[in-house]
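Worksheet: one structure, shown below.
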Amino acid sequence: MALYGLIDGNSFYCSCEQAFDPALRDKPVVVLSNNDGCVIARSALAKAVGIKMGDPWHLIRRRPELSEVVAKSSNYSHYGDLSRRVFEILGAHVQRLEPYSIDETFLDLAPVTGDLMEFCQMLRGAVRQIAKIPTCVGVGPSKTIAKAANKLAKSRPELNGVCDLRDEATRVALYQDLGIGEVWGIGGKTAEKLAARGVRTVADFLRLDPRKVRDMMSVVGARVQAELRDVSCLPLSLMAPQRKGIAVTRSFGMPITDWWTMREAVASYATRAGEKLREHGLLASTMTVLLHTNPHNGDPWYSNQHSARIEATNDTTSLIGEAIRMLEPMWRAGFRYSKAGIMLGELIDAGSQPMSLFPTKDPVRSARAMAALDAVNGRFGRDTLRPLATGISRTWTAKAMNLSPRYTTRVGEILVGTAY
DNA sequence: TCTGGGGTCCTAGGACCC
DNA sequence: TCTGGGGTCCTAGGACCC
C-alpha cells in the first residue's frame, strides 16, 4: 500500500532569514522580489497583519500600522543552501524521497514501522533543531491527499504540525468542507469553472462522473479526482528529470528607454543563462527572447517574443550574439507599437483601457474602434495593430524553424519603457 | 448527410505549480 | 517613481506526408 508524506518549510524564505538572524524571529517578516518590488514570502506574523502574496512593497511601507514589518531582499543562494541542508537531514531518516520544490519534498512512508505520528514529529524536530526551519507534514495514500493533509497541518494549530489522512472516514468528513480550489492541481480558473456548475467542495467534486471530469478538465482533472479517491496515479520519482528549459528574466525598477542599457541587460541575462546551462551540463538549441512594456500602468502595452533555432551551444559569446540579434528588431518595433497604441487610445477616447474595446458586440463602439484602428495603421503602416481579445499586440514570429527544440534557453523578459 | 484516414511534427495558448 | 521569477504539462489546430 502506497503511503506518502509531504514535508515543507513554513514560510520558507522568511524562515531562512529568521534562521540566519534570530533577532527576526518574533517580528513580522517579508521577503521581496527582484528590485524589492513585491512580497514573495510572509512570516506567520506578516500574514496575520494582512499582507498578501504579491503586495507591492512601496504601498505597504507607506502604511503606518505596518511600520513593524521587516522586509528582506531575496537571497536565493542562501535559501538554496538551507534547502539542501534540510533534504540531507530528511535523507538520513527516509530512504526514498522526491524533492518537489525548494522547500518541500515527498517522502515514502510505507517502510516506516512503529508510530507514524511520532516518526513525523521526529523529522520535524530534527529539521528544526539542525537547520532552524519549522515544518509541517501531511500524510496520505496518494500525493494529492498528502498535499491536502500538509495544508491542513498548516492551517490548524491543534494538529501540532502533522496531519494524518490515512483513514478514509476522516477524509470523507474533511472533504465536506474542503474547498476544491484548495486542492493541488486545481487553480483559480478551474475552481471558477467548477463553481459555475455548483461544485465547491472536494465532496462535490468526487460526486462528479469521471467521464465528465475528463471532458471538462482533461487528464489533469481526471488524475486529481482519482488521487483524491485514493487511487495513487503519481508515483514517487527518485530521479530529478532533465531540465527542459532555462530562463533568465528580469523586470526593471525604472522604464528602460535607452538601447545600450537594454543591450547590456540582455547580454548579462544571456551570460547567466550560459552559466546555468553549463551547471546542468546542457546545450541550448533554441533561444527565445521576450520583451514587454509595463502592463500595470494602464497604458497600452507592448509584448513580443521571438524564438529561433540556434546551433547547440552553451558558450557565452554565442548566446549573447544570438540574443542581441533577436532583441534588436523587437526593440525598434516596441517603440513603434507603443506609439501606435497610445494614438489609438487617444483616438477612441478610451482612457487607459483601449484594449477592452476589442472585440466588442456594440456596433457603434466597434465601428469607432475600427475607424481608429484604420487611422493608426494609416500612420504607422498596415497591420501595425490588430484587434485581439487580450490586448493590442503584434506578434513577430519567425516561421522558418521547423525543428523541435531539445533544450530551450529563454533570455530576458524585459520591461521596455513606452516611448512617447 | 455525405466530403479518406491515419500518422508526425510543430506552435500557440492556457493552466497550474512554488 | 515603485507591481517576481522560474518551471511543467496538456490541448487544439495547422502543415505536411503517404
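Worth saying up front: this structure is predicted, and the values here are computed from it rather than measured. A, B, ... follow the sequence lines: proteins, then strands. Residue 1 opens every chain.
- When rounded to the nearest whole Å, the span between CH2 of A:W57 and P of C:dG4 equals 16 Å.
- A sub-4.0 Å separation between OP1 or OP2 of C:dG6 and a side-chain N or O of A:T249 is present.
- When each of C:dG6, B:dC17, C:dT11 is scored by its nearest atom to the side-chain atoms of A:V219, the top-ranked nucleotide is C:dT11.
- A ring-ring contact (aromatic ring centres under 6.0 Å, His included) with A:H78 is found for one member of A:F20, A:Y13, A:F12 and no other, namely A:F20.
- Among C:dG6, C:dC10, B:dC18, the nucleotide with an atom closest to any side-chain atom of A:K276 is C:dG6.
- When the nucleotides C:dG4, B:dC18, C:dG7 are ranked by their closest atom to the side chain of A:Y100, B:dC18 comes out on top.
- Distance from the side chain of A:H58 is smallest to C:dC2 among C:dC2, C:dG4, B:dC18.
- Judged purely by distance below 3.5 Å, without hydrogens or angles, the side chains of A:D81 and A:S83 never pair a donor atom with an acceptor atom.
- At the heavy-atom level, A:V183 lies under 4.0 Å from the strands shown only through sugar-phosphate atoms.
- Aromatic rings from A:Y4 and A:W184 are positioned such that their centres are separated by 6.0 Å or more.
- Considering only side-chain N and O atoms, A:K189 lies nowhere under 4.0 angstrom from the phosphate OP1 or OP2 of B:dG13.
- Shown are A:L206, A:I145, A:L178; of these, the side-chain contact (heavy atoms from CB on, under 4.5 Å) with A:R171 is made only by A:I145.
- Using a 4.0 Å cut-off, no side-chain N or O of A:R250 falls inside it from OP1 or OP2 of C:dT3.
- One can place CD of A:Q242 at 13 Å from P of C:dG7, the figure rounded to the nearest angstrom.
- Contact annotation: A:S33 does not reach the phosphate of C:dT3 (side-chain N/O to OP1 or OP2, under 4.0 Å).
- In this structure, A:Y76 reaches neither bases nor backbone, as no heavy-atom distance under 4.0 Å exists between it and the strands shown.
- The residue A:I102 sits apart from the nucleic acid: no heavy atom pair falls under 4.0 Å.
- Under the side-chain contact (heavy atoms from CB on, under 4.5 Å) rule, A:I186 has a single partner from A:V220, A:L228, A:V202, A:I180, which is A:I180.
- When the P atom is compared between B:dT3 and C:dC18, the two are found 24 Å apart, to the nearest whole Å.
- Salt bridge A:K189/A:E192: absent, no basic N to carboxylate O contact under 4.0 Å.
- When heavy atoms are screened at a 4.0 angstrom cut-off, A:R214 is found touching the sugar-phosphate backbone but no base atom.
- Here A:R223 does not reach the OP1 or OP2 of C:dC9: none of its side-chain N or O atoms lies under 4.0 Å away.
- Here C:dG4 presents its P atom at 18 Å from NZ of A:K52, a figure rounded to the nearest Å.
- The partner of C:dC18 is B:dG5, judged by Watson-Crick or G-U wobble contacts that both fall below 3.5 Å.
- Within the 4.0 Å cut-off from OP1 or OP2 of C:dG5, at least one side-chain nitrogen or oxygen of A:N34 is found.
- The shortest distance between the side-chain N/O atoms of A:T190 and the OP1/OP2 oxygens of B:dC16 is below 4.0 Å.
- Between A:V220 and A:R62, the residue anchored closer to the 5' end of DNA chain C is A:R62, taking for each the nucleotide with the nearest heavy atom.
- Comparing C:dG6, C:dG5, B:dC17 by their nearest atom to the side chain of A:V248 picks out C:dG6.
- Here A:D103 lies in heavy-atom contact (under 4.0 Å) with sugar-phosphate atoms only.
- Under the 4.0 Å criterion applied to side-chain N and carboxylate O atoms, A:K276 and A:E279 are not assigned as salt-bridge partners.
- Here the P atom of nucleotide C:dC10 and the CE atom of A:M217 are 14 Å apart, to the nearest Å.
- In this structure, A:K147 does not reach the B:dC17 phosphate: none of its side-chain N or O atoms is under 4.0 Å from OP1 or OP2.
- Atom-to-atom, CD1 of A:I60 to P of C:dG4 comes out at 13 Å; the value is rounded to the nearest Å.
- When the P atom of C:dG4 is taken as reference, atom CG of A:N75 falls 20 Å away, rounded to whole Å.
- In this structure, A:Y269 atom OH and C:dG4 atom P are separated by 13 Å, rounded to whole Å.
- Within the 4.0 angstrom heavy-atom criterion, no nucleotide atom of any strand lies near A:G54.
- Set against C:dG7, B:dC18, C:dG4, the side chain of A:S251 has C:dG4 as its closest nucleotide.
- In this structure, A:L290 atom CG and C:dG7 atom P are separated by 13 Å, rounded to whole Å.
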